[in-house]
Amino acid sequence: MAEAARKIDTAAALAVRDLQAWYDESHILHGVNFDVAPGEVVTLLGRNGAGKTTTLRAIMGLIAKRTGSVQFEGRELINLPARAIAKAGIAFCPEERGIFASLSVDENLMLPPVIKPGGLSRDDVLTMFPNLRERLASQGTKLSGGEQQMLAIARILRTGSKFLLLDEPTEGLAPVIVQQIGRTLASLKQQGFTIVLVEQNFHFAASVADRHYVVEQGRVIDMIPNTEIQNNLGKLHAYLGV
Amino acid sequence: MFELLGIPPQALFGQLLLGLINGSFYALLSLGLAVIFGLLNIINFSHGAQYMMGAFVAWMALTWLGIPYWGALIIVPLVVGASGVVIERLMISRLYHLDHLYGLLLTFGLALVIQGLFRNGFGVSGLPYAIPAQLSGGQNLGFMFLPNYRGWVVLASLVVCFGTWFAIERTRLGAYLRAATENPTLVGAFGINVPRMITLTYGFGVALAAFAGVLAAPIYSVNPNMGADLIIVVFAVVVIGGMGSILGAILTGFGLGIVEGLTKVFYPEASSVAIFVIMAIVLLVKPAGLFGRTA
Amino acid sequence: VDVKLGVLNDRSGIYADLSGEGSVVAARMAIEDFDAAAKGINVEVISADHQNKPDVASTIARQWYDEEGVDVIVDVPTSSAALAVNEITREKGKIFLNSGAASTDLTGAQCAPGTAHWTYDTYALANGTGKAMVDNGYKNWYFLTADYAFGHSLEENTTKVVEASGGTVVGSVRHPFPGTDFSSFLLQAQASGADVIGLANAGGDTVNSIKQAAEFGITQAGQALAGLLIFITDVHALGLETAQGLVLTEAFYWDLNDDTRAWSERFSAEMGGSKPTMVHAGVYSAVTHYLKGVEASGDKATEGVMDWMKSNPSSDPVFGEGELRADGRHIHDMYLFQVKSPAESTGDWDYYKLLATIPAEIAFRPLEDGGCALVE
Amino acid sequence: MSSPDIILSARKLTKRFSGFTAVNGVDLDVERGTIHALIGPNGAGKTTCFNLLTKFLQPSAGNISFNGRDITGLAPAAIARLGVVRSFQISAVFPRMSVLENVRIALQRRRGDSFDFWRNQKVLNAYDEEARERVEEVGLTEFIGETAGELSYGRKRALEIATTLALEPEMLLLDEPMAGMAQEDVSRISALIRRIAAKRTILMVEHNLSVVADLSDKITVLARGEVLAEGPYEAVSKDPRVIEAYIGAGHG
Amino acid sequence: MPIGTPRHHIAIFAGLLVLLLIAPFVLYPVFIMKILCFALFASALNLLLGFGGLLSFGHAAFFGSASYVTAHAAKVWGLTPEVAILLGTIAAAFLGLIIGALAIRRQGIYFAMVTLAFAQMVFFFALQAPFTGGEDGIQAVPRGSLFGMISLANDTTLYFVVLAIVFGGLLAIYRIIHSPFGQVLKAIRDNEPRSISLGYKVNRYKLAVFVMSATLAGLAGSTKALVFQLASLTDVYWTMSGEVVLMTLLGGMGTIFGPLVGAAVIVTMQNYFASFGAWVTVLQGTIFVVSVMLFREGIIGVLSRWIRKPL
Ligand SMILES: Nc1ncnc2c1ncn2[C@@H]1O[C@H](COP(=O)(O)OP(=O)(O)OP(=O)(O)O)[C@@H](O)[C@H]1O
Ligand SMILES: Nc1ncnc2c1ncn2[C@@H]1O[C@H](COP(=O)(O)OP(=O)(O)OP(=O)(O)O)[C@@H](O)[C@H]1O
Ligand SMILES: [Mg+2]
Ligand SMILES: [Mg+2]
């Protein structure tokens, strides 16, 4: 019993094997492989159209046609519907933010149901993003672009899910806020959250992540630990043009 | 005694009250339509047919099973609502990713089928359904004779409307529903069983139509065309109120009942166009309807 | 002789019960009873739904005459559809035996050589009910009128009759067509203090008006209701509780005499228990007379058959003796009925008591008043 | 000293949404032939300013002039015709048209309004050559026949810029042109913007400070709907208020 | 890839023309004329719906009012058929201009509802106005003689006139769709704010296409009035608006030939089911349901996907 528990403990929080995905006829992911250890922050880096978003969506069960294996805490997710994956404890913040126009800011914030205890409270979240507090009653999509991004992140922190998939969370945010999100991610990491981050802002990525996976044409082609980033700048330049 | 435009005030009172009673039906029907239309983005053309089914099932329950009016008021919405659930599961659920028009086309077809079947089964002259004994008779209000049953219709409709409004606007369920209208995939990714929720909502909207049908059975002719005549007007009510606005549908339903009642007195020929004139004006002045949220 | 007969009527709308399949059955019964086959007349019957739309009716009629070789079209309720078929029939030189429609235009301004209008019309209804009611002391009238040409003409016809018989019309209100709720109009009618509320509407509108009049206690308060176009199927739908006391005019009632009872018995057997309406009876009567005409003239040429039909009296078990006038109007006795109370009724479909018989000569519009060009 | 040549200017520009003032008495002068950046924290009112300048929103108060002409009363399409063209913060392409068609629809604007419904659309082939060039400029040649809706996010942005440029506007308003763009594209689009700025005036909103530093001649910092600071990057970026409200301590 | 008229479109139009030239000698001409009129009507709606992205739920107003005007002109004023048709079409265009100017200010489903509202008003006008003959309609409209010379009483003669009108209308629609104007429409349907920001006066385009669609719907209605010698309330009733939307959807909206097929299927269905009595509506409804479930893109839409070519 104890041994089994330890085995799961040591296993990756998320193990993605040979993940393939299609939009209608077009084959986008051609076998993505990567692992995320519990409590780790990893990024997916890559050019536009490399398939980063698609990878997150496929993990989350949002792409109808997908094959391969996605193991989350030892459990296979590949054939589950999105809602079951959410209930398993993965929270997703989409690239296009997905703020609901027919809901107020507050309703947007309170929308995702709490999956597990231990999430942030409404007050915690509002302290983290003071902009939102002033605008709680307005219609969700009346927020500025950056405010919408904050709201999108804020609402999934409430759910108690400890595993976050964030698709370009700093896009369109002012530098102060980006820094604040950086601190938030660091503190989440401290609290034991595991995070997969898709980022274009390489500096930001380097400041928060433990490891970086490089995605190209629907495959993971390299992994660079954050500690070795200085030694690999040449490679990164070739991959990303940084 | 003073008169208003040639109508004694007491008669006017009576007419206002009648308008309110008719408004109850508009409100109930447009509420069901607004729930389905506003929350699920389905233009439910079979709403009228489902209202008609409500009346017919009540008749069948009474005639074949001996279930009285009061039982029917509970059972019929459940039965017809269940048929709605089946329709949603088997057919409508496959159309969500398409343009709204397809939902309209499907429900239009369903309405034809349902009406046709009832016509074949029961003819078109209509069937009698008596007012329940407890509610027969009426009150002499001085300015008019108010049948007890009509009073009950207003009451029942107010209660149901308010309950629905509360459930949708003031609870989380409502927020889920509204969010699911916009982006069901994302709501699903939050761990909510969107398909089931949508199915039940459709069933509920249909049950509201059926409830209105049971209420209508004793006073309007129970016949297969009873819904078809009403559906366009009810659409107009929903549009004037603002699509997706529950409160809008309710208030506009009652309000237009009254306005229509007044036109019936002052310019009866125009009473059925009045709603459309109002609709055109409202839409030109307030595009999202009286209570609608602007997108 | 091969004759093709097309029954064109409403099979899915508001007139489906009073015409519909029953008219096909009635036509078949007429052919059977006439023993057409034995007399060398092969009759084929086809039928279609005109959905109460003139354009559908005219399309089908055209196609029947042009393509299907139909010789005679029967029934056609709904005045607008009937007028459309009337025009096509005139153009194609065929025969049209109308039973279901009410418009007096068929034998008036629009009369056509091949058209016979068999059962009733707005004049006969207005005349029967209007005159009889006034004679019985119901002098002050208020009309609840469906706001379209048919309702207007019904109101107008009845007004003439009422005034000619010494009554007065104290007011009228026009309701949208079709309507659902009539309570507002009924209260206006009540407030007028009239003796009679004349229902110048049809079908579901009439049924709803009567139902709601009962609900609002209009009849209990002493006003009478007069249905100007109401069929036994409507009474059946209303139930006697609601419809009792209503006065109306019809050309036929199944329980009039032994002949009608026997014929209706056979009809019911084929129609799952429903009794025939006057429209069904009219189809039977018209087809019977038509077949006699074909037999007599030895072929189906329109002119010959129509001549024979117009110059020989008709006789059958449903309408008894009758006559087809030069303008195409078939005249026969009409009857004024009152709907029984539930206590008076002894069984299913026992709905009417006879108040008066209106003799054929005075039941219909005089020949010279119609303005039909065929009348010289 | 000759007074600077102002192409677009706004005076006391104000926008109130029910009970909330998003833009409050903003004065803005954009000098011809420069790249002018509008920066500020999220919700400062930058996009709202853009919407006001292009009349996608009706100002509550204030006026706008372009080339010395008051344009406060004009409709959005009319402003675009004058040569002031904007891009959108949330990417705006014609999703069911191909990349080429997207660009061509902008080029077609030069024919004036195309109400010529009787003419064969073949006349539009005349624009293909130029459309290709525009697509090439933003590096989308590979995707030229693809349906725009299926492009990845970053490529949609690139396409949008190509479309905007195709109008050859006198002045461009770019709302976060680099948002969501991969690093290599950022450099390419920066270069592109610099190139086109030679002949035009650009007003742009951008959160990528290195881009702003690199490109802009002048910066206006908005905060809470008001102008907080104005000047060249070096000056603005040292302003303590700007650092506090926008840049943050951790940067640089 | 330069744009031009695809070969297969030319081939289909040519094939269609040949078929239609032979058709009256094989099939009942009046029946084909009905299909032709509705094909034009549905194509006119499709121009607005499929290519302008605007769902009008009140197109019966144009179809019907044109048909009344033509019927009245031919019967009461005794005008020749071409003048009567012209007048009807102009009336529809004019009505389209008025309704369109008000309706295009609103979008999506609201647009649909405004058009429905105006159409209901036209309907009530038709029900009440003295010249329309109420629910009897205008009957026995003379077909007259074309230019006062060629009598149209003969179905076959009339057929070729109708064919010319309808085919001309269809070609006009084809050209509108494939014109520079059509390209702008496509862009507006795809992303309206973006079109505005490119400097297009979106509302003028919408109004223009609305009026064109109304005009062509009117042309269909006028022609129909002559063919059936009848203008009736059915033509202006909302179910007519619904029916034509159904035709378009069933055939495939946004396709070129879909509305033709949709019209043919539905008109044929109505014709053949007329003898099924009370089961007509059930059958019709079932067919709609089945086709929505199985051919969502419409008959031609599915076909076009199979052969991977726009149809
Ligand atoms: N809905 C869709 N249908 C078809 N193809 C799509 C769709 N969405 C994305 N694609 C294609 O899938 C590929 C991967 O897209 P994806 O969005 O995953 O890229 P990404 O790495 O997230 O890029 P970006 O940095 O631009 O967001 C791209 O080539 C894109 O064109
Ligand atoms: N239509 C509207 N109704 C109400 N409030 C609005 C509306 N549009 C914008 N706002 C509010 O006005 C403020 C300014 O918004 P704006 O979009 O201009 O910000 P921004 O500076 O572009 O921010 P970001 O950098 O995040 O895009 C925000 O607080 C926003 O919530
Ligand atoms: Mg992405
Ligand atoms: Mg912004």
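Naming: A, B, ... by sequence-line order, numbering from 1 per chain. Fair warning: this is a prediction, and the values are worked out from it, not measured in the lab.
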Practice problem: Indicate the atoms forming the closest heavy-atom contact of E:Val282 with B:Asn120, along with that distance. | Solution: CG2-ND2, 3.9 Å
Practice problem: Check E:Met293 against B:Arg94 and note the closest heavy-atom contact, atom names and distance. | Solution: CE-CD, 3.7 Å
Quiz item: Does B:Tyr267 OH have over 12 foreign heavy atoms under 6.0 Å away?
Solution: no
Exercise. For atom CZ of E:Phe94, decide whether the heavy atoms of other residues, nucleotides or ligands shown that lie under 6.0 angstrom number more than 12.
Key: no
Quiz item: Taking every heavy-atom pair that is under 4.5 Å apart, which of E:Leu102, E:Thr115, E:Leu116, E:Thr286 has the most such pairs with chain B?
Solution: E:Leu102
Side chain, backbone, both or neither: which part of [X] has an atom under 4.5 Å from a heavy atom of chain E?
X	answer
B:Val277	both
B:Leu90	backbone
B:Leu95	side chain

Within this structure, what is the [atom1]-[atom2] distance for the pair [X] and [Y], rounded to the nearest 0.5 Å?
X	Y	atom1	atom2	answer
B:Leu106	E:Leu249	CG	CG	12.0 Å
B:Leu112	E:Leu246	CG	CG	8.0 Å
E:Trp238	B:Phe235	CH2	CZ	8.0 Å

Quiz prompt | Portion of E:Phe57 that has a non-hydrogen atom of chain B nearer than 4.5 angstrom | solution = side chain
Exercise. Check whether E:Leu127 gets within reach of chain B through its side chain, its backbone, both or neither, counting any heavy atom under 4.5 Å.
Key: neither
